[in-house]
Amino acid sequence: MDEKSLVKKTFAKNSNAYITSKTHANEKELDKMMTWTAPNKEMVMLDLATGGGHVAKKYSPHVKNVIATDLTPKMLQETRNHLKNYTNIHYVVADAENLPFLDQSFDIVSCRIAAHHFPNPTKFIEETNRVLKPKGTFIFVDNISSEDIELELYVNELEKLRDPSHMRSLKVSEWKQIISIYPLSIRKEQLQKKVLPFQDWVDRTVEDPNQKNIVESYLLGANPRVKAYFDVKQQNEQLQSFSIDEWMVMYQKGD
C-alpha cells in the first residue's frame with residue numbers, strides 16, 4: 001500500500017475521533033491563528049487537510065468562503081455532516097501536494113496538524129505558494145522534531161508506532177529551508193510544547209491493545225533525558241500524558 005492510500009485508510013477508520021479530539025479543538029490555538037491572520041468578510045480561505053474541520057469552523061463566520069479539503073473522502077463527509085450549519089464552508093476532496101485550484105485563488109491558506117502525514121513537503125509548499133494570492137497569508141501549524149538527532153529520531157519512531165501513516169515530523173530548520181525558495185516571508189512564529197493526554201492520543205489511531213502497550217512501553221522505557229524532554233507523566237505505572245514540540249508560523253506572500 002502506498003503512503004497516501006495508508007493515510008486514507010487510517011483517517012477513514014478514525015474520522016470521528018478527529019472531530020471530537022480535544023487536541024485538535026484547542027480554542028486557545030485557534031484563537032491565536034485568528035488574531036495573527038486578521039480575516040475579513042472579503043476573504044476566501046483554503047484549509048488544507050481539514051480533518052475534523054476545526055480551522056474551517058473557526059474561520060467560517062469571519063470570511064466570505066472557506067474551501068475545506070482533505071485527502072480522505074470519508075473524513076470530509078463526516079466533517080461536512082458535523083458542520084452542516086456553516087453554509088459558507090465548501091468541501092473538496094484534494095491532495096495537498098496536487099491541488100485542483102487555479103493560481104492565486106486564496107487570500108489565506110491554512111494547514112494545521114497535518115503536514116507530518118505528507119510524503120512530499122516540498123510539493124505541498126510549492127502548491128500552497130501557487131494558489132495563494134500576492135500579499136496573501138499562509139498560516140501553518142504542525143508537530144515538529146527537535147534539532148537534536150536523538151530526540152528527532154525518538155519522536156518520529158514514537159509517531160510511527162502509534163500511526164503507520166505518519167511520514168515525518170520535520171525540524172523547523174528543514175521547514176524554513178523548504179519554504180525559503182518561495183516568495184514567502186515570516187511575519188510571526190512561535191515554538192510551543194503541546195501536552196497530549198496519552199489515552200486520547202493513542203486511541204485515535206490504535207485499536208489493537210497489544211500495539212497500545214507497545215506504544216506505552218516505548219514512552220515509559222525511554223532514557224531519562226528523553227523522558228524529561230517529552231515531559232512523560234505517569235501515575236501508578238500508568239502513562240498519563242507527554243508533550244511534543246509544535247511550531248506555529250505565519251508567512252506572507254510577496255507581490
Compare every heavy atom of Leu83 with every heavy atom of Gly53, then report the nearest pair and how far apart it is.
O-CD1, 3.7 Å
Taking only Lys NZ, Arg NE, NH1 and NH2, and the carboxylate oxygens of Asp or Glu, determine whether Lys58 and Asp31 approach each other closer than 4.0 Å.
yes
Measure from the side-chain N and O atoms of Asn65 to the backbone N and O of Val44, and report whether any donor-acceptor pair falls under 3.5 Å.
no
Is any side-chain heavy atom of Arg225 closer than 4.5 Å to one of Tyr154?
no
Quick one, Lys84 with Asn81, criterion side-chain contact (heavy atoms from CB on, under 4.5 Å). Give me CA distance, side-chain angles, the key distance, then yes/no.
CA-CA 5 Å; Lys84 60 181 181 292; Asn81 293 342; 5.9 Å; no
Decide yes or no for Ile125 and Phe138: does some side-chain heavy atom of the first lie under 4.5 Å from some side-chain heavy atom of the second?
yes
Got Gln238 and Gln240 here, is their nearest side-chain heavy-atom distance under 4.5 Å?
yes
Say whether Leu151 and Leu191 are linked into one hydrophobic cluster, either directly or through other cluster members, by side-chain heavy-atom distances under 4.5 angstrom.
no
Is Leu184 reachable from Val172 through a run of I, L, V, M, F, W or Y residues, each pair having side-chain heavy atoms under 4.5 Å apart?
yes
Would you check if Thr79 and Asp70 make a side-chain contact, meaning some heavy-atom pair closer than 4.5 Å?
no
With no hydrogens and no angle check, is any side-chain donor or acceptor of Thr205 less than 3.5 Å from a backbone partner on Arg162?
yes
Main chain of Asn129, side chain of Lys253: is a donor-acceptor contact present, judged purely on distance under 3.5 Å?
yes
CD of Glu126 to OG1 of Thr128, rounded to nearest 0.5 Å, is 10.0 Å
Is there side-chain contact between Leu170 and Pro121, with heavy atoms separated by less than 4.5 Å?
yes
Asn156 side chain vs Arg168 backbone, donor-acceptor pair below 3.5 Å:
no
Could you state the interatomic distance from NZ (Lys57) to OG1 (Thr50), rounded to the nearest 0.5 Å?
12.0 Å
Counting only heavy atoms not in Glu150 (residues, nucleotides, ligands), do more than 12 fall under 6.0 Å from its CD?
yes
Could you check whether Tyr251 and Tyr182 have their ring centres less than 6.0 Å apart?
no
Single-linkage hydrophobic cluster, 4.5 Å side-chain cutoff, Ile179 and Phe124 together
yes
Does some side-chain heavy atom of Met43 sit less than 4.5 Å from a side-chain heavy atom of Thr137?
no
Gap separating the OG1 atom of Thr69 from the CG atom of Leu48, nearest 0.5 angstrom:
4.5 Å
For Asp208 and Asn210, indicate whether the former's side chain and the latter's backbone hold a donor-acceptor pair under 3.5 Å.
yes
Just do the side-chain contact (heavy atoms from CB on, under 4.5 Å) check on Asp107 and Lys64 with the steps written out, would you?
CA-CA 10 Å; Asp107 301 284; Lys64 184 177 180 181; over 6 Å; no
Using a 6.0 Å cut-off, check whether atom CD1 of Ile149 has over 12 heavy atoms from anything other than its own residue.
yes
With the 4.5 Å side-chain cut-off for hydrophobic clustering, are Ile67 and Leu99 part of the same group?
yes
Shortest non-hydrogen contact from Ile113 toward Asp142
CA-OD1, 3.5 Å
Check the orientation of His166 and His117. Use parallel for under 30°, tilted for 30 to 60°, and perpendicular for over 60°.
perpendicular
Separation of Gln199 CD from Glu216 CD (nearest 0.5 Å):
7.0 Å
Should the pair Lys193 and Tyr229 be classed as cation-pi, given the thresholds of under 6.0 Å to the six-membered ring centre and 45° from the axis?
yes
Distance-minimising heavy-atom pair for Ala222 and Lys227
O-CD, 3.2 Å
Quick check: closest heavy atoms across Phe198 and Val215, and the distance to 0.1 Å?
CE1-CG1, 3.9 Å
Phe242 pairs by ring pair (Phe, Tyr, Trp, His ring centres under 6.0 Å) with which of Phe230, Trp201, Tyr218?
Trp201
Checking side-chain contact (heavy atoms from CB on, under 4.5 Å) for the pair Asp47/Tyr59: CA distance, chi angles, key distance, verdict?
CA-CA 10 Å; Asp47 185 32; Tyr59 276 82; over 6 Å; no
May I ask you to test the Val141-Lys32 pair for a side-chain heavy-atom distance under 4.5 Å?
no
Rounded distance (nearest 0.5 Å) linking atom CD of Glu174 with atom NZ of Lys176
13.0 Å
Can you list the steps and then say if Arg204 with Asp200 is a side-chain contact (heavy atoms from CB on, under 4.5 Å)?
CA-CA 6 Å; Arg204 272 204 301 279; Asp200 176 67; 2.9 Å; yes
Verify, without hydrogens or angle tests, whether Ser169 (side chain) and His116 (backbone) share a donor-acceptor contact under 3.5 angstrom.
no
So does Glu157 pair up with Lys160, basic N to acidic O under 4.0 Å?
no
Just by modelled atom types, is the Glu147 backbone N or O under 3.5 Å from a matching donor or acceptor in the Glu152 side chain?
no
Return yes when atom CZ of Arg130 has more than 12 non-hydrogen atoms of other residues, nucleotides or ligands closer than 6.0 Å, and no otherwise.
yes
Check whether any side-chain heavy atom of His62 lies under 4.5 Å from a side-chain heavy atom of Thr37, and answer yes or no.
no
Between Glu29 and Arg112, does at least one N-O distance fall below 4.0 Å, as a salt bridge requires?
yes
Return the OG to CG distance between Ser146 and Leu153, rounded to the nearest 0.5 Å.
10.5 Å
Do Met167 and Trp247 land in one hydrophobic cluster if side-chain heavy atoms of ILVMFWY residues count as linked below 4.5 Å?
no
Between Val63 and Pro39, which heavy-atom pair has the shortest distance, and what is it?
CG1-CB, 3.6 Å
Gln211 side chain to Leu161 backbone, donor-acceptor under 3.5 Å
yes
Shortest non-hydrogen contact between Met33 and Ser110, atoms and distance
CE-CB, 4.5 Å
Backbone N or O of Leu71 within a donor-acceptor pair of the Asp95 side chain at under 3.5 Å?
no
